[in-house]
Structures are given as structure tokens and as C-alpha cells.
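Chain naming here is simple, since letters A, B, ... match the order of the sequence lines and numbering starts at 1 in each.
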Amino acid sequence: MPELPEVEAARRGIAEQLLHDEIVEVDLRLPKLLVASDGLGLEQLVGLSFSEIRRHGKYLTLLAGDLALVIHLKLSGQLVGRGPTIPGFDAGHPVPAYGAELPHKSTHLIIYFASGSRLYVTDIRHFARVRLMPVDDLDGYFNNLRLGPDVASSAFERQWFHGAIARRPQSRLKPLLLDQTFVSGLGNIYVDEVLYRARLHPERLARTLTPTEIDQLFDAVGEIMAIAIPIGGANILNGKAIPERGDFPFVHGREGIPCLRCGTPIVKERVDARGTYRCPICQPVPDAN
DNA sequence: AACTACTCCTGGAGGC
DNA sequence: TGCCTCCAGGAGTAGT
């Protein structure tokens with residue numbers, strides 16, 4: 001699913017290929033994709049162009065005039081750029097059933113630009129949302145979400161992390177890292193990757209971590225992001241699997257496959273109703289806390 | 001305030 | 001092969 005690296009790939013694609021290109025038409029095919037503030041509609045984007053794009057965690061914000069689009073791809077959303085004068089990009093969850101043809105049954109929004117470029121929003125499961133609001137409402141919207149620091153930003157800092165872990169002593173590590181108000185950007189796949197790299201069991205309690213283990217966890221977040229972001233995430237790059245991605249993801253989705261470190265078969269379990277993968281030797285079950 | 005449960009969806013996988 | 005059932009899960013919201 002689209003997590004920070006995939007959303008960052010979308011941010012870069014839009015930033016490099018679709019800014020400052022006049023919007024000439026907007027085609028909303030799945031009305032509930034859009035959540036618009038009172039009195040606003042996507043047709044008000046026509047004649048404007050996107051001037052800036054920001055990302056915080058898994059949220060993207062596009063600015064056009066005094067309007068803002070806030071996009072969340074949720075479980076299965078995808079942003080695709082196409083055009084006669086741009087390289088194009090595919091970021092997020094692919095829609096394999098329909099191949100490369102666009103638009104298709106799961107294409108829910110198309111934004112047409114003056115250059116001939118198009119931005120497609122696709123989503124198999126219809127969970128993604130695009131919010132349209134006045135720029136002046138952005139701060140209020142994000143303040144209300146109370147997002148933690150973006151794990152790929154300078155705000156995600158080692159000493160802060162030690163303190164933040166200490167403030168959530170009773171939390172299990174996996175639910176804690178998935179909590180976007182704790183840190184922002186990690187989802188089910190990358191939390192598994194981070195905990196595997198840090199050799200920590202998903203249900204360890206925060207208060208049982210030694211300072212060294214907190215450092216390992218902090219470092220693992222940065223290292224996994226440093227691997228995933230340059231390749232555009234775990235799912236796809238430019239619409240197809242990434243042959244050069246090697247073994248990545250290292251643990252998620254690898255049930256029964258030998259651990260890359262010790263050869264023990266990876267196990268799949270449920271933690272808070274989420275499929276969770278770990279190495280039973282590298283990430284041993286904690287003692288009773 | 002801080003938990004948990006429920007909700008939204010449909011392609012793909014598995015059973016027979 | 002085909003029909004059926006079930007699963008995947010981020011985050012907003014309602015309920016406790």
C-alpha cells in the first residue's frame with residue numbers, strides 16, 4: 001500500500017512534471033473521492049495551475065491559487081502522470097487488472113493540463129480521498145490531525161525519539177509506529193521492515209527498550225527510508241516491478257521464506273488485526289513484561 | 001482523554 | 001472451469 005516512500009514518489013513526480021501547467025479540465029468520476037469545503041468544487045481549479053506540492057507523512061498537499069487539494073491514497077490509491085512532453089510517473093498502488101491503459105474502471109479523477117499532461121487518481125478499493133479547501137484552512141486541518149514528525153524529515157530527530165518513546169511506555173512497538181500522531185509516514189509494510197531491521201519484536205512494550213535498542217529502532221527507520229525512497233517504494237516504479245530492488249522488502253510478505261540473516265523461515269502473525277511478518281529468531285518473543 | 005469497534009471497498013486467492 | 005466465500009487494511013468516527 002502507499003506509505004511514505006510511495007507518496008514521496010508521487011510528490012516528486014508532480015513537483016518535477018506537473019507544476020505551473022494550467023489546469024484546463026477536471027473529470028471527477030467517483031464523486032465520493034472528493035470531500036469539498038462548502039461552496040467549493042473542482043471546476044474552480046480550471047484556469048489555475050499547481051504552484052507547490054508538499055508532503056507530510058502520507059498526506060500530499062497541492063496548492064493552486066487560494067485553493068488546496070489534500071490527497072490521501074489510503075490502502076490502494078495511485079497517482080499517475082502522463083503527457084506528451086513529460087517522462088510520466090506511477091506512484092502508489094498499481095491496478096494490475098487493467099494494465100497500462102488509462103483511464104480505466106478504477107480511475108476516479110483526471111486532471112487535464114494545458115500541455116497535454118494528465119494526472120490520474122486511481123484506487124481499486126475506493127478508500128482514497130481528495131479534499132478541496134481554502135488554503136487558509138490548511139493549518140487548521142493539519143493541526144486537527146495532530147500528525148507526528150515525518151520520518152523522512154529533519155523533525156524526526158534522535159533525542160526527540162528517545163523522549164517520545166519514554167512518553168508511551170505501555171505501547172507495543174508496532175501499533176505505536178503505525179500511529180500517525182506518534183510518527184508520520186509508516187504503514188504496515190514499513191513498520192515490519194523497520195522492526196525486522198532493528199531486530200525488535202512487534203509487541204515489545206516501549207518501556208522495555210534499552211537506550212541502545214531505541215537507537216537501533218531510530219536508525220532502522222532512517223535506513224529503511226533511505227532504501228525505499230530512491231526506488232519509489234516497495235510496489236512499483238514506472239508501472240512495473242523493480243528488478244533492481246533486490247530483496248526489498250526484506251521481511252514483509254515473505255512468510256515461510258528463509259530470513260536473510262539467519263535462514264529461519266519468516267512467520268506471519270496478527271497484531272491488532274494487521275498481517276505482521278517477523279523472523280522468530282532475530283525478533284524473539286519478549287519475556288513477560 | 002484514551003481506549004476499542006466499526007466502517008468503507010473490491011480484486012484476488014482459496015475451497016470444492 | 002466456475003461459483004462461492006473470505007481476506008487485505010488507513011484512518012475517520014462513534015461508542016465506551
Undergrad: Tell me whether the OP1 or OP2 atom of C:dG12 has a side-chain N or O from A:Tyr59 closer than 4.0 Å.
TA: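 A:Tyr59 to C:dG12 OP1/OP2: side-chain N or O found under 4.0 Å.
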
Undergrad: Within the structure shown, what part of the strands sits under 4.0 Å from A:Lys268 by heavy-atom distance: base, sugar-phosphate, or nothing?
TA: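 It contacts sugar-phosphate atoms only.
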
Undergrad: Would you say the side chain of A:Arg125 and the base of C:dA8 hold a donor-acceptor pair, judged only by whether the two atoms sit under 3.5 Å apart?
TA: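 Checked by distance alone, the answer is yes.
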
Undergrad: Of all the choices, C:dA8, C:dG10, B:dG11, which nucleotide is nearest to the side chain of A:Arg270 once you look at every atom?
TA: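 When the side chain of A:Arg270 is considered, C:dA8 is the closest of C:dA8, C:dG10, B:dG11.
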
Undergrad: Can you tell me the distance, in whole Å, between the CG atom of A:Asp123 and the C1' atom of C:dA11?
TA: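 For the pair A:Asp123 CG and C:dA11 C1', the rounded distance is 14 Å.
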
Undergrad: Please confirm whether the shortest side-chain N or O distance from A:Arg129 to OP1 or OP2 of C:dG10 is below 4.0 Å.
TA: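 The answer is no; no side-chain N or O of A:Arg129 sits under 4.0 Å from OP1 or OP2.
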
Undergrad: Using a cut-off of 4.0 Å on non-hydrogen atoms, how would the nucleic acid contact of A:Leu73 be classed: base, sugar-phosphate, or nothing?
TA: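 The answer is nothing, as A:Leu73 stays clear of every strand by at least 4.0 Å.
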
Undergrad: Would you mind reading off the distance between A:Leu75 atom CG and B:dG11 atom C1', rounded to a whole angstrom?
TA: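 Distance check: A:Leu75 CG to B:dG11 C1' gives 13 Å.
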
Undergrad: For A:Gln180 and C:dG10, is the shortest distance between a side-chain N/O and OP1 or OP2 below 4.0 Å?
TA: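 False: A:Gln180 side-chain N/O out of range (4.0 Å or more) of C:dG10 OP1/OP2.
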
Undergrad: Nearest-Å distance, CZ (A:Arg131) to P (C:dG10)?
TA: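 Whole-Å distance recorded here is 17 Å.
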
Undergrad: Not counting sequence neighbours, which residues clear side-chain hydrogen bond (donor to acceptor under 3.5 Å, both in side chains) with A:His72? List them please.
TA: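 Not a single residue meets the side-chain hydrogen bond (donor to acceptor under 3.5 Å, both in side chains) criterion with A:His72.
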
Undergrad: What is the distance, to the nearest angstrom, from the CZ atom on A:Phe127 to the C1' atom on B:dC6?
TA: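 Rounded to whole Å, this separation is 12 Å.
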
Undergrad: Using distance alone, with no hydrogens and no angle criterion, decide if A:Gln78 and A:Thr122 have a side-chain donor and acceptor under 3.5 Å apart.
TA: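 There is such a pair between these side chains.
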
Undergrad: Report the distance from atom CD of A:Glu255 to atom P of B:dG14, rounded to the nearest whole Å.
TA: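 Distance, rounded to whole Å: 11 Å.
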
Undergrad: Within the pair A:Lys105 and B:dG11, is there a side-chain N or O less than 4.0 Å away from OP1 or OP2?
TA: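 Yes, A:Lys105 has a side-chain N/O under 4.0 Å of OP1/OP2 on B:dG11.
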
Undergrad: Side-chain N or O of A:His72 less than 4.0 angstrom from OP1 or OP2 on C:dA11?
TA: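 Yes, such a contact exists.
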
Undergrad: Examine C:dA11: is either OP1 or OP2 under 4.0 Å from a nitrogen or oxygen in the side chain of A:Lys58? Give yes or no.
TA: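 The answer is yes; a side-chain N or O of A:Lys58 sits under 4.0 Å from OP1 or OP2.
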
Undergrad: How close or far is atom C1' of B:dC3 from atom CD of A:Gln170, stated in whole angstroms?
TA: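 My rounded result for the distance is 13 Å.
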
Undergrad: Quickly work out the A:Arg168 CZ to B:dA1 C1' distance and round it to whole Å.
TA: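 In whole Å, B:dA1 C1' lies 12 Å from A:Arg168 CZ.
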
Undergrad: Roughly how many Å is it from CD in A:Gln78 to C1' in B:dG11, rounded to a whole number?
TA: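 So the CD-C1' distance, A:Gln78 to B:dG11, works out to 14 Å.
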
Undergrad: Under 4.0 Å between a Lys/Arg side-chain N and an Asp/Glu carboxylate O for A:Arg158 and A:Asp215?
TA: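 Looking at A:Asp215 together with A:Arg158, the answer is yes, because their closest N to O distance falls below 4.0 Å.
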
Undergrad: Tell me which donor-acceptor pairs under 3.5 Å the side chains of residues 58-68 of chain A have, and how far apart each pair is, sequence neighbours excluded?
TA:
unit_1	atom_1	unit_2	atom_2	d
A:Lys58	NZ	A:Leu186	O	3.1

Undergrad: Are A:Glu203 and A:Lys174 ion-paired here, with the side-chain N under 4.0 Å from a carboxylate O?
TA: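 Salt bridge absent between A:Glu203 and A:Lys174.
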
Undergrad: When you get a sec, tell me which of C:dG12, B:dG11, C:dG10 is the closest nucleotide to the side chain of A:Ile124?
TA: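 Side chain of A:Ile124 sits closest to B:dG11.
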
